[in-house]
Amino acid sequence: MVSFGASSGLADDTLYLDINQDVAVQLLPFDDIMKVAVAHSPLVKYQNEVANSLNEGYEIAKVQILQNVAGFGNYSTGNQILISSGGTTLPGQGTLGQIANGYRVGVDVRLPLYELFGRKHQVRQAQSNYKAAVHQKEVVELQLKRDLIGIYQDMITTQQLLKILLIDEQASLTAMRVGEVEIQKGQITADAMASTTSRYVQAKTASEQAKGNFLKNVHYFEALVGMPIQRLRRN
């Protein structure tokens, strides 16, 4: 297990991974990771809200014609002064009683020409906008998957490179330690010792660079997924 916290220089940023075991084996299956990324992606969330908003607009457009229909009802009673002439009344009932008393209900329908010729186009436009938002969400998810595949593969590649360079670093360190003993015994020259030390420094530098690249890819991966890599490890 190798700690990468010291390389990043960030507080509370210690990352423990087994360098000798492939990252793909340590983490959840890629399809599961992709689901997590989609669920946490701000871009996907935003596009989902846009699609929901346009869907509501589509539903409103379908029923907007009802704004031209109005119902009414009232009830009136009491004594009113009514002047009428030539009115026809039923036997035993005056004109005043017919008009002044009782319930009145009805429906008022006003249908502009726009509703006959323009409404269907507005509904189709709202429906098309909603479908476009849904397709745009699919595009965002596809781009997220591409980015995630790329950084996932980069993370695996840099891990494999780091494994090789750590072996080289360990071998160079062993050679330097042996050289330190041999130079004390006079078995090698100072130039040979300097060459051995330089070889170790080069190997150490290469492994630290690989470690930094690997950690950088891990953080990019975490940013895309929206979750720390520790929570993506297999149980």
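We're numbering straight along the sequence, starting at 1. Only heavy atoms go into these numbers, but all of them, side chains included; no hydrogens, no water, no symmetry mates.
- Lys163 NZ: more than 12 foreign heavy atoms inside a 6.0 Å radius.
- Both Leu43 and Ile151 are members of a single hydrophobic cluster when ILVMFWY side chains are connected at heavy-atom separations under 4.5 Å.
- Not a single ring pair (Phe, Tyr, Trp, His ring centres under 6.0 Å) links Tyr46 to another residue, sequence neighbours left out.
- Heavy atoms only, all atoms of each residue included: Ile183 and Met193 are closest at CD1-CB, 3.6 Å.
- Residues Ala39 and Lys45 approach most closely at O-CE, 3.2 Å, considering heavy atoms.
- Surrounding CZ of Arg231 are at most 12 heavy atoms belonging to other residues, nucleotides or ligands under 6.0 Å away.
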### Message
Let's go through Lys216 and His219 carefully: what are the C-alpha distance in whole Å and the side-chain angles of both, what is the deciding distance for side-chain contact (heavy atoms from CB on, under 4.5 Å) to 0.1 Å, and is it a yes or a no?
### Response
CA-CA 5 Å; Lys216 180 176 62 177; His219 287 314; 6.0 Å; no
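- Looking at Glu182 and Lys185, no side-chain N of the basic residue comes within less than 4.0 Å of a carboxylate O on the acidic one, giving no salt bridge.
- Hydrophobic clustering, with ILVMFWY side chains joined whenever heavy atoms are under 4.5 angstrom apart, keeps Ile164 apart from Val23.
- Gln21 and Val25 get closest at one heavy-atom pair: NE2-CG1, 3.4 Å.
- The shortest distance between side-chain heavy atoms of Met227 and His40 falls below 4.5 Å.
- Separating the CD atom in Gln125 from the CG atom in Leu54 is a distance of 10.5 Å, to the nearest 0.5 Å.
- A single hydrophobic cluster is not seen to contain both Leu161 and Phe221; linkage of ILVMFWY side chains at heavy-atom distances under 4.5 Å, directly or through other members, places them apart.
- Qualifying salt bridge (charged side-chain N to carboxylate O under 4.0 Å, His left out) partners for Asp147, counting only residues two or more places apart in sequence or in other chains: none.
- Between Ala51 and Tyr130, the closest heavy-atom pair is O-CD1, 3.2 Å.
- In the hydrophobic cluster analysis, where Ile, Leu, Val, Met, Phe, Trp and Tyr join through side-chain heavy atoms closer than 4.5 angstrom, Leu166 is grouped apart from Met176.
- A salt bridge links Lys204 with Glu208: the distance from a Lys NZ or Arg NE/NH1/NH2 to an Asp or Glu carboxylate oxygen falls below 4.0 Å.
- When hydrophobic clusters are built by joining Ile, Leu, Val, Met, Phe, Trp and Tyr residues whose side-chain heavy atoms come closer than 4.5 Å, directly or via intermediates, Met155 is not grouped with Leu165.
- Looking at Asp22 and Gln160, their side chains do bring a donor and an acceptor atom within 3.5 Å of each other.
- In terms of heavy-atom proximity, Leu162 sits nearest to Ser207 at CD1-O, 3.5 Å.
- Atoms CD and OG1, from Glu180 and Thr196 in turn, are 9.5 Å apart once rounded to the nearest 0.5 Å.
- Atoms CD and CZ, from Gln26 and Arg233 in turn, are 5.0 Å apart once rounded to the nearest 0.5 Å.
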